[in-house]
A.B. asks: 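Can you read through this structure? Questions will come right after.
Remember, it's 1-based here, ligands and their atoms both numbered in the order they're listed. Note that the numbering runs from 1 along the sequence shown for the chain.
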Amino acid sequence: MKFEESEVLQHLPKQFFASLVAKVNAKVATGADVINLGQGNPDQPTPDFIVEAMQQATADPADHKYSQFRGMPRLKQAAADFYKREYGVTLDPEKEVAILGGSKIGLVELPFALLNPGDTMLLPDPGYPDYLSGVALAQVKLELMSLSSSNQYLPDYQQLDPKVVERAKLMYLNYPHNPTGAVATPQFYEDTVQFAKKHHIGVVQDFAYGAIGFDGKRPISFMQTPGAKEVGIETYTLSKSYNMAGWRIGFAVGNADMIEAINLIQDHLFVSVFPAIQDAAITALNSDQSSVKSLVALYQKRHDEFYAAARKIGWEPYPSGGSFYAWMPVPKGYTSEQFADVLLDKAAVAVAPGNGFGKGGEGYVRVGLLIDEPRFTEACERIGKLGLF
Ligand SMILES: Cc1ncc(COP(=O)(O)O)c(C=O)c1O
């Protein structure tokens, strides 16, 4: 028998970065010493105290049972306590926190949970490509908010087509921003709340890189903005802050109606997350956050060293405020993809072409600072020898 995928699945976006991985693997297969700066997978291990909490939890039979459908109340309490302690934000753990098996799940299921087919949602361009999967699964219409360096990669709400704004029901933001590392200001978030209220648009702020800010400036949470809870939610993940990307645990906080919609769809899709992972997440969130401080110090060091090495060859980075990425301009005469191909072919350095994040990423490549210093300095030296800057 032959089975065809449903029309919805047939319309899922192509995974742009699958072709990058294939190109990198082909280069590695030639025996080349490839320096891979193309990925976004944290390289450091999960802190020991979290691994130990998980080991203890897996030995506890209570954690072998089904979780409560909507996650452990004590994890929701830990998430609420975390937001109170770290951002001064008060949340009702039962009504304003939803547990997610990684924030990607929440971000992909949200359009389905909140919109009807044909409704309009707004996404940032450039932006995290997985948002597009949610658009396709929910069969909603996509409109892009173009972001550019001239406006610090923040959407300019005045520039959006009023007809599109009128139709839009949901919008995504992501600061610190993947791929550019741009950060949001309090004023921008205040404008966002006004804009959302005026046009009745739900806001989803993806805070995946919330812990990682440079030069002592900690990224602010959207939830700190007066009125934010009336218009939207913020998703948070343990993947980056605690190097727990493989564990699949995160949560969403904020507007009670939106949180209820997430919980409702998840009642039908999952039985929450393995309880032992939830227990380990509680340990992480309730900890003194010294592991996060050390991690941020490591990323700051890499950021400074990479910027210095790039500047040495005349390659001027975009001044990013957070995340573990550097956003690097492409020399004249190249598209992002052509430049990434040249770096891989001629210097055995893999970077992510900016157009993989949308048209707005054209003219740049994204460098992930997820290896240690000698390697990315070497990458810059190899690139410098190509004489393109
Ligand atoms: C902007 C952004 N949002 C969300 C995610 C998903 O994170 P997770 O599903 O691990 O919580 C990522 C992962 O790379 C990301 O870059």
A.B. asks: Can you name the side chain to side chain contact (heavy atoms under 4.5 Å, CB included) partners of Arg375, sequence neighbours left out?
C.D. replies: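 Arg375 satisfies side chain to side chain contact (heavy atoms under 4.5 Å, CB included) with Asp33, Ile35, Ile371, Glu378, Arg382 only.
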A.B. asks: Please output the residues near ligand 1 using a strict heavy-atom distance under 4.0 Å, listed in chain and residue-number order.
C.D. replies: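 Residues within 4.0 Å of ligand 1: Gly102, Ser103, Lys104, Leu107, Tyr128, Asn174, Asn178, Asp206, Ala208, Tyr209, Thr237, Ser239, Lys240, Arg248.
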A.B. asks: Decide, yes or no, whether a salt bridge links Lys23 with Asp341 under the criterion of side-chain N to carboxylate O below 4.0 Å.
C.D. replies: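 Yes, this pair counts.
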A.B. asks: Taking atom types as modelled, find out whether Glu190 and Thr192 have a side-chain donor-acceptor pair closer than 3.5 angstrom.
C.D. replies: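 Side-chain D/A pair, Glu190 to Thr192: absent.
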A.B. asks: Do Gln44 and Tyr242 pair up side chain to side chain, a donor and an acceptor below 3.5 Å, judged on atom types alone?
C.D. replies: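 Side chains of Gln44 and Tyr242: no pair found under 3.5 Å.
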A.B. asks: Check the side chains of Tyr189 and Gln205 for a donor-acceptor pair under 3.5 angstrom, ignoring hydrogens and angles.
C.D. replies: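 Their side chains do contain a donor-acceptor pair, which is all the 3.5 Å distance test asks for.
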A.B. asks: Just by distance, no angles: are the side chains of Lys84 and Thr90 close enough, under 3.5 Å, to form a donor-acceptor pair?
C.D. replies: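 Yes, side-chain donor-acceptor contact under 3.5 Å.
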